[in-house]
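A quick write-up on the structure given underneath.
None of the values given here were measured: they were computed from a predicted structure. Within every chain, numbering begins at 1; the chains are lettered A, B, ... in the order of the sequence lines, protein sequences first and strands thereafter.
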Amino acid sequence: MSDRVCHTVFSVHDYDLAATLSSGQAFRWEHREGAWDGVVDRQWVRLRSTPGQILAQTSAPVEDWFWLTDYLRTEENLEPVLASFPDDVPLRAAVNACRGLRLLRQDPWECLASFILSSTKQIVQIRQIVALLCRRFGEPVTVPGGTGEIFSFPMPERIARCTEAELRECKMGFRAPYLRGTAQKIAESEVDLNCLGTMPVDAARAELLRLPGVGRKIADCVLLFAYGFQEAFPVDVWVMKALRQLYFPRRRVNRKRLDKFTATYFGPNAGYAQQYLFHYMRTKAKSKPNPGIET
DNA sequence: AACCAGGACACAA
DNA sequence: TTGTGTCATGGT
């Protein structure tokens, strides 16, 4: 009901809401009429960006906004993060091109499930698959106009009850048994997503790797985008392209050496650097000549 | 119209 | 340990 619509304002610095919500870490935000609509903690939210602040609107009264500021990480100071990056040409270009790009703190299950569905898919397709999955198996979420259009992300228990054929109807193809198998292991408490956040990063990664359809890359995405392990460095085809052409020009490098490089060279916020490189490669540097690492 | 996409997995050598 | 085929779908 519109009489229960609730508004608030967060003051922020160096926060590029559009870049953050469209940079391939979350897949449910929709840009319409200059605002961003999404679902956080089973609540519908509309976000609007103005200089120095983010305006938030919900469909129900809110007393404590922590669930949203925690998700957006509005309180994080970007300066020390950027200052911890190595001072090289590619990263300078990436930071200058999309300064204000942030990492979110997402729900672990939604993040995990989304990235299981992400393998060898373009971001537009991942968004489509996730939308179908929510519409089919999620629960209605209250929006200002009522209900029926927006759905929550389905819980593991719900996905675990799906047949593989039902999941394939959401266009996820060979990823269906992966998603189902992972949902079952979580529903059966074989893996407890709630306890990963307090573990050392290597132990948390090892737990995620026990899940079907979860390899190093997807595990690192979840560690970075849901649990806030900022040293996690997911290497997908875009980041691999950046690493090879910007940092290892015409040099063959094995996985072990690559891991050592990403774990040391980019510093304690390597995951942040990764996200800047990813977004930069995917948007700004589509087919430009190689900037190179020198100087 | 080929090529490729925020990969993981089984299997070969 | 490193390389290859396979999986499913659709955007560019």
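- The aromatic rings of Phe233(A) and Phe266(A) lie parallel to each other, their planes meeting at an angle below 30°, with 60° marking the opposite boundary.
- Side-chain contact, Asp88(A) with Tyr265(A): a donor N or O sits under 3.5 Å from an acceptor N or O.
- For Gln275(A) and dG6(B), a side-chain-to-base donor-acceptor distance below 3.5 Å is present, hydrogens and geometry of angles not being considered.
- Between the side chain of Lys121(A) and the base of dT9(C), at least one donor-acceptor pair of N or O atoms lies under 3.5 Å.
- In this structure, Phe151(A) has its ring center at least 6.0 angstrom away from the ring center of Phe137(A).
- Across the C1' atoms, dA1(B) and dG10(C) are found 13 Å apart, a figure rounded to whole Å.
- Considering only side-chain atoms of Lys171(A), the nucleotide from dG7(B), dG10(C), dA5(B) that sits closest is dG10(C).
- Where stacking is scored as ring centres under 5.5 Å apart with planes under 30°, Phe278(A) registers as stacked on the base of dG6(B).
- Contact check, Arg168(A) against dA8(C): a side-chain N or O comes under 4.0 Å of OP1 or OP2.
- Across all strands, Thr120(A) comes closer than 4.0 Å to base atoms (heavy-atom distances).
- Checking Pro212(A) against Lys217(A), the closest nucleotide of DNA chain B that is more toward the 5' end is the one next to Lys217(A).
- Using a 4.0 Å heavy-atom criterion, one finds that Val235(A) contacts no nucleic acid atom at all.
- The residue from Leu133(A), Leu179(A), Leu167(A) that alone fulfils the side chain to side chain contact (heavy atoms under 4.5 Å, CB included) condition with Cys162(A) is Leu167(A).
- Using a 4.0 Å heavy-atom cutoff across all strands shown, Ile123(A) reaches sugar-phosphate atoms only and no base atom.
- The side chain of Asp236(A) approaches dG6(B) more closely than any other nucleotide in the set dA8(B), dG6(B), dA8(C).
- At a cut-off of 3.5 angstrom, the base of dG11(C) holds no donor-acceptor pair with the side chain of Gln128(A).
- Residue contacts for Thr182(A): at a heavy-atom cut-off of 4.0 Å it reaches no nucleic acid atom on any strand shown.
- Between Asn254(A) and the phosphate of dT2(C), there is a side-chain N or O to OP1/OP2 separation shorter than 4.0 Å.
- Between Arg105(A) and the choices Leu72(A), Thr69(A), Asp70(A), the side chain to side chain contact (heavy atoms under 4.5 Å, CB included) rule is met once, by Asp70(A).
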